[in-house]
Amino acid sequence: MTPQSSIRDTFFEECEDLLEALAEGLAAMAGGARDTDTVNAVFRAVHSVKGGAGAFAMTDLVAFAHRFETVLDGVRSGTLDLTPEVMHTMQRSADHLADLVEAARNEDVLAADVSEAFLANLDQCLGAEPEALEMGDTPFDFAVIPLDFGDDPAPKEPAGHVIRFRPLQQLYANGHDPALLIAALHGLGPCEVALDLSALPDWEGPDALTPGLGWTLRLAGQESDTALQEIFEFVEGLCELDISPLEDAPAAVDPLPSVAAPPSPAPGPEAPSAAASAALKPDLAAGAESAEARGPKPTLRVDLDRVDRLINSVGELIINQAMIAQRLQDMALASDDDVSLHVEDYRLLARDIQEAVMAIRAQPVKPLFQRMSRILREAAEATGKSARLLTFGENTEVDKTVIERLADPLMHMIRNAVDHGLEGPDARRAAGKDGTGTIRLGAAHRSGSVIITIRDDGAGLNRPRILDIARRKGLVAPDADLADAEIDGLLFLPGFSTASSVSNLSGRGVGLDVVRNAVTALGGRISIASVPGQGTEFTISLPLTLAVMDGMVVSVAGQTMVVPITSILETIRPAPGDLHRVGTDDSLLSIRGRFIPTVDVARSLGFTDPSARADFPLLLLVEGENQSQCALVVDAVHDQRQVVIKGLDSNYGQVPGVSAATVLGDGQIALILDPDAIAAHRASPATSAAPRPPLFHADVHHGQH
């Protein structure tokens, strides 16, 4: 690799960060942040891309960036009003700038008419003949690449907000805690708190139990009003709240007894972190970033292949530790034996190394979410609809491989939400809604998984029409009587489409089934919830990593298998009166006043004949991605352990009911079960009254899977 090619690669790596900063700044401006710092940050991003591209004589990229930069300069100087039309042009120009960077990276050339159309839009914003850019016949000299970032004003002192907050009685009645809200504000930056006792009731009067405490908080930093409103979103209407800019507040807050700001609480059930408290919001916001995390951090670029090799080595290390522990168990050594203690230390060390290595691959979903903003804009233009994207939990970290393979499913989901979910502007206004539809894209960690939600505020699913289409296509029996959740599940069937005509976005019957297959290939699940007239929400549940998981080792029909621990609620050994037969094959478990369906894993996988099972020795109560529960029938539970995931797709393809395999400490290969797929097979709406076939027939011998 020549020095220039190495520098060129570095330039494109830096472009990724610059384009991310550009998208973030434009999103902030579209949300109302028109301050000088935000506009200058956007200008510097485009200016830096132009300067670097000029060093490599990327003429098209430099010319477009220069015109884009001219528009931004007009905005920051105040000569160009930032109207919605100008804002839209700048966002679409940022999309095209990213296309030009990608084309330059791949040494491709975009069609000239495409760039000319974007340039014409920029010229229309300027309203005058743009300044010509002379590049010369030779690339810039590396020694004279301009390093200035424009004539930015001196940095001003950090701004902030004054928040006046007084809970009402309903807030406490609903189980909310003001301490969690205040802790979340502390996660946004330095915060001074003053206690307001002016509304305390008369302790001897009839209103002695009426809440009287209030707080006045001074929060320093550049957080937007929207970010602060999000913290209080789930107590809206349950408190008195006023948020105003710090510079607009009085020089001195009302003389209240000053209370020292509490230290940031350690994560835990009684003192959640800012991320944990913000995750209580229904929009799945992952929480505010801590003040300490905002400072610049030293980084090191490492080839991804090296990280993958390290992860594979750590996986083998965990397997080796399990094998040693198994050998010691076979030797029946005392638990306090020195060798046993050393092996336990080995296990803890191996787990620490594994978690550290996984953290190296973990990346925030923010860049992925920013890409979805462009998908939404393009889909809205193609359908003639008006839509905006609100994102939450952008700093939620996920394995890099998961992020890469999640891009296409999310793209399908956003397009589907715009095309099928949102109504047109006229229809929305007729229904009493804002003419601009809103799609919320959020991410959060929950129970060892990452949860991605895509919610629109459209008309919701037309279930009668969905069922009618499924009947006409022969996807369900003509006389099938399906529940709402079963009708929603029909959307994931191959070839299903509700579009009346073929367009660039839909109508060919390829869409949600592709999404489901992609999510399933990642070891995840997808579910739907919809309310007519209010919108639809898709929830994707994915593992945090594709390499290691905690599982429960069980026996099924003489085979050793693993059930993911995150899906298990409890183990149950039922009494004879707890089980109630339904028909010839099914049964229900009575537990705490509820009836839970049971699923015989051995029968579902085709290991045993239905008549061979005389009783249910042990049940695992599991919960699916849509919070539905069922009880899996197994023969025995052995222990809980960390297992290394080995995919089956490359050798066996997708095996229904089985998500992967692993190597146990005794050298045996155990299948990792997919509880959701097993439960879904039992309740499949497309099945008839005939006995259900097993998920797959197998004569399993260890070492052959």
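Owing to the predicted nature of the structure, the values given are computational and were not obtained by experimental measurement.
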Go through it in stages, so that I can follow the logic: the residues are Arg455 and Glu537, the test is salt bridge (charged side-chain N to carboxylate O under 4.0 Å, His left out), and I'd like the CA-CA distance, side-chain angles, deciding distance and then a yes or no. CA-CA 4 Å; Arg455 180 196 309 174; Glu537 179 176 278; 2.8 Å; yes
Is any side-chain heavy atom of [Y] closer than 4.5 Å to one of [X]?
| X | Y | value |
| --- | --- | --- |
| Gln629 | Val622 | no |
| Ile572 | Leu618 | no |
| Phe538 | Ile526 | yes |
| Ile466 | Leu491 | yes |
| Ile591 | Asp578 | no |
| Ile528 | Thr539 | no |
| Ile454 | Asp456 | no |
| Leu441 | Leu389 | yes |

Main chain of [Y], side chain of [X]: is a donor-acceptor contact present, judged purely on distance under 3.5 Å?
| X | Y | answer |
| --- | --- | --- |
| His445 | Ile451 | no |
| Glu486 | Ala483 | yes |
| Asn517 | Val514 | no |
| Asp635 | Ala557 | yes |
| Asp457 | Thr438 | yes |
| Thr396 | Ala443 | yes |

Minimum heavy-atom distance between [X] and [Y], given as atom pair plus value:
| X | Y | value |
| --- | --- | --- |
| Val562 | Ala670 | CG2-CB, 4.2 Å |
| Thr536 | Leu461 | OG1-N, 3.7 Å |
| Ser530 | Gly460 | OG-CA, 3.4 Å |
| Met552 | Ile565 | CE-CD1, 3.6 Å |
| Asp600 | Val633 | CA-CB, 3.7 Å |
| Val515 | Pro409 | CG2-O, 3.8 Å |

Roughly how far, to the nearest 0.5 Å, is [atom2] of [Y] from [atom1] of [X]?
| X | Y | atom1 | atom2 | value |
| --- | --- | --- | --- | --- |
| His342 | Leu328 | NE2 | CG | 11.5 Å |
| Gln370 | Lys366 | CD | NZ | 6.0 Å |
| Leu475 | Leu490 | CG | CG | 7.0 Å |
| Asp488 | Leu482 | CG | CG | 10.5 Å |
| Leu410 | Ile540 | CG | CD1 | 5.5 Å |
| Leu621 | Cys630 | CG | SG | 8.0 Å |

So Met411 and Asp408, side chain to side chain contact (heavy atoms under 4.5 Å, CB included) or not? Walk me through it. CA-CA 5 Å; Met411 178 183 68; Asp408 284 344; 4.0 Å; yes
Given Leu349 and Ile353, is the side chain to side chain contact (heavy atoms under 4.5 Å, CB included) satisfied, shown in steps? CA-CA 6 Å; Leu349 179 61; Ile353 295 175; 4.1 Å; yes
Polar side chain donor-acceptor pair, Ser587 to Thr598, under 3.5 angstrom: yes
Scan side-chain atoms only and decide if Thr391 and Glu394 contain a donor-acceptor pair under the 3.5 Å cut-off. yes
Apply side chain to side chain contact (heavy atoms under 4.5 Å, CB included) to Val418 and Leu376, showing your working. CA-CA 7 Å; Val418 174; Leu376 178 133; 4.2 Å; yes
With a 4.0 Å cut-off, would you call Arg592 and Glu570 a salt bridge? yes
Sequence-distant partners of Asp338, salt bridge (Lys or Arg N to Asp or Glu O under 4.0 Å), two or more places apart: none
What pairs with Asp177 under salt bridge (Lys or Arg N to Asp or Glu O under 4.0 Å), at least two apart in sequence or on another chain? none
Side chain to side chain contact (heavy atoms under 4.5 Å, CB included), that's the test. Do Leu673 and Leu605 meet it? Break it down for me. CA-CA 10 Å; Leu673 298 180; Leu605 299 180; 3.8 Å; yes
Quick one: list whatever passes ring pair (Phe, Tyr, Trp, His ring centres under 6.0 Å) with His580, sequence neighbours left out. Phe595
Enclosure of Arg463 CZ (heavy-atom neighbours >12, cutoff 6.0 Å): yes
